[in-house]
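Below: one structure, written as structure tokens.
Residue numbers run from 1 in the order of the sequence given. The figures that follow rest on heavy atoms only: side chains count, while hydrogens, waters and symmetry mates do not. Since the model is a prediction, treat every value here as computed from it, not as a measurement.
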Amino acid sequence: MNSFIVAGGGIGGIAAALGLARKGIRTIVLEQAAELGEIGAGIQIAPNAFHCFDRLGVGDRARSQAVFVDRLRLMDGLTGEEIVHIPLDDAFRARFRNPYAVVHRADLHAALLEAAHATGLVEIRTSHRVERYEQDGSSVTVFCSGREPIRGVALIGADGLRSPVRAQMLADGEPIVSGHTTYRSVIPVEQMPEDLRWNAATLWAGPKCHIVHYPLKGWKVFNLVVTYHNDVKEAVAGKPVSVEEVKRGFEHIHPRGQKIIEHGSNWKLWVLCDRDPVERWVDGRVALLGDAAHPMLQYFAQGACMAMEDGVTLSELVAAHPDELEKALLAYQRIRVPHTARVQIGSRAIGQYIYHPAGATALARNHILRSWSPQEYYNRLEWLYGGGILPPADGAQ
């Protein structure tokens, strides 16, 4: 009864459970899958993610599994030439007090999960699909399909894009299908064209399409993520597809870019979805977190980072207000909503004006981005990477 209940055992849910456990608070994590794990492959982890890792006590583990890239590199998908790069060197690390890196999503999830288990305060229950909740002012009862009700002091809905917790709280319908489809592959390093084996998070930007690649797993593999607009109307996740289908959206780009796609194998697709930002994430003793609260397009590479920031912020505030739980959750909402809304909106804008523009708009992008010095880039990223959005370690507000 004295436990928090977390719906969802992904990165955000486990980060929240770990954050609470480090404050001495028990949690029960309810995961609908039969086994815990993360699908997908690589993710980019900016300095704000490392700020969270350190707060959660997994900083050393995360650093040991990450590949530290030297630069963010933007290539012209039509000409094959570099537009600009942002150095991620000592000056970058000094500015943001942490590096920029890439890591396999499953490795990151495993690090958080192992740390959560080690606390002895996190109980994981798989094959538990949360359907609805009830609350009485002092507790929350969670109802799962085919299971006995579970009672706790609060419920954190970290149950993803189609969160049942959000559906009950906000009743705002289905997510927005963007019409952009992402295809993912992981290939051995030796299959990556030798002249493209850069130690960089590289983006090839083209009209209504882009390619991203970077090394993973200690330079054993390359992560490939390619996206194009095909105006699909229905969301699909993890569907295997042929390389011919993937190449269809990139027939207009430079042969160097097309060559990357040809080396991919075992491609799977995801249709990108998000939602408009909302002001309300809290209903009494129930709060939303991660994609359940603020699903966003991938273009800022901040989805997992935002979910971890949510978990750290929520746990700090709950610990700071042990006898005023609803006050703590409202403080969490007040801090996180405007920040994540900025990332949601910014992700859409970056997709339109950085990743996928054509013609004069692309020329304007090139002109603007080439005019900025590294210091100007760092200044423009301070609000996101600097870590100032996180509450003090004691949660004081």
Side-chain angles (χ1 to χ4, degrees), residues 1-21 25-40 109 112-113 116-117 121-175 235 237-238 273-275 278 280-295 303-304 306-308 310-311 313-315 318 325-326 328-330 332-333 336 340:
M1 161 57 189
N2 292 324
S3 297
F4 268 64
I5 300 171
V6 177
I11 287 173
I14 299 299
L18 175 56
L20 290 166
I25 300 170
R26 292 186 174 276
T27 63
I28 299 170
V29 177
L30 306 177
E31 167 57 41
Q32 66 176 332
E35 295 183 5
L36 274 184
E38 275 286 334
I39 60 173
H109 184 262
L112 294 168
L113 187 60
H117 279 308
L121 295 174
V122 179
E123 177 187 350
I124 310 288
R125 300 185 187 179
T126 55
S127 301
H128 277 69
R129 174 176 169 75
V130 172
E131 292 187 329
R132 63 184 180 88
Y133 62 85
E134 294 178 359
Q135 55 184 322
D136 60 11
S138 61
S139 67
V140 179
T141 302
V142 178
F143 298 85
C144 298
S145 177
R147 302 284 184 173
E148 291 295 315
I150 302 165
R151 194 173 173 214
V153 295
L155 168 64
I156 308 304
D159 45 348
L161 180 67
R162 287 179 171 77
S163 160
V165 178
R166 179 186 178 119
Q168 179 173 341
M169 184 186 297
L170 301 180
D172 58 349
E174 288 291 302
C273 301
D274 71 352
R275 292 184 186 272
V278 293
R280 184 178 177 225
W281 296 1
V282 172
D283 172 22
R285 289 172 170 256
V286 181
L288 303 177
L289 181 149
D291 282 351
H294 48 71
M306 289 297 104
M308 287 189 291
D310 290 347
T313 301
L314 185 143
S315 58
V318 166
L325 178 56
E326 293 185 22
L329 296 182
L330 289 173
Y332 158 74
Q333 174 182 271
R336 296 301 298 163
T340 57

S315 OG to D310 CG distance, which is reported to the nearest 0.5 Å:
10.5 Å

Check: V318 and F4 side chains under 4.5 Å, non-hydrogen atoms:
yes

Check: V130 and C144 side chains under 4.5 Å, non-hydrogen atoms
yes

side-chain contact (heavy atoms from CB on, under 4.5 Å), that's the test. Do I28 and V142 meet it? Break it down for me.
CA-CA 11 Å; I28 299 170; V142 178; over 6 Å; no

Measure across V29 and G9 and return the closest heavy-atom pair with its distance rounded to 0.1 Å.
CG1-CA, 3.8 Å

Counterpart residues, side-chain hydrogen bond (donor to acceptor under 3.5 Å, both in side chains), relative to Q32 (two or more places apart):
R129

side-chain hydrogen bond (donor to acceptor under 3.5 Å, both in side chains) with D291: which residues, sequence neighbours excluded?
none

Which heavy atom in A34 sits nearest to a heavy atom in S127, and how many Å separate them?
CA-OG, 3.4 Å

With S163, which residues qualify under side-chain hydrogen bond (donor to acceptor under 3.5 Å, both in side chains), at least two apart?
D159

Which distance, rounded to the nearest 0.5 Å, do you find between the CD of E31 and the OG1 of T126?
8.0 Å

Residues in salt bridge (Lys or Arg N to Asp or Glu O under 4.0 Å) with R132, at least two apart?
E134

R336 side chain reached by M306 side chain, heavy atoms, under 4.5 Å
yes

Any residue meeting side-chain contact (heavy atoms from CB on, under 4.5 Å) with L113, in chain and number order, not counting sequence neighbours:
I14, L36, H109, H117, I124

Quick check: closest heavy atoms across G290 and A307, and the distance to 0.1 Å?
CA-CB, 3.9 Å

So CE of M308 and CG of L112: to nearest 0.5 Å the spacing works out to 6.5 Å

Please examine the side chains of V122 and L18, heavy atoms only from C-beta on, and report whether any two atoms are closer than 4.5 Å.
no

As an exercise, state the distance from CG of L121 to CD1 of I25, rounded to the nearest 0.5 Å.
9.5 Å

Atom CZ of R275 and atom CG of L161: how far apart are they, to the nearest 0.5 Å?
6.0 Å

Residues two or more places apart in sequence or in another chain: which of them pass side-chain hydrogen bond (donor to acceptor under 3.5 Å, both in side chains) with Y332?
none

In the structure I gave you, are the side-chain heavy atoms of R125 and I150 within less than 4.5 Å of one another anywhere?
yes

By side-chain contact (heavy atoms from CB on, under 4.5 Å), which residues pair with A304, not counting sequence neighbours?
I11, I43

Close side-chain approach of L20 to L314, heavy-atom, < 4.5 Å:
yes

Pairwise distance CG(D283) to CD(Q168) - rounded to 0.5 angstrom
7.5 Å

Could you work out, with side-chain contact (heavy atoms from CB on, under 4.5 Å) as the rule, every residue matching A16, not counting sequence neighbours?
L289

Residues in side-chain contact (heavy atoms from CB on, under 4.5 Å) with R285, at least two apart?
Q135, V140, V153, A154, L325, E326

Is there any salt bridge (Lys or Arg N to Asp or Glu O under 4.0 Å) pair reaching into residues 162-171, and which pairs are they, with sequence neighbours excluded?
R162-E174, R166-D172

Is any side-chain heavy atom of P164 less than 4.5 Å from a side-chain heavy atom of E131?
no

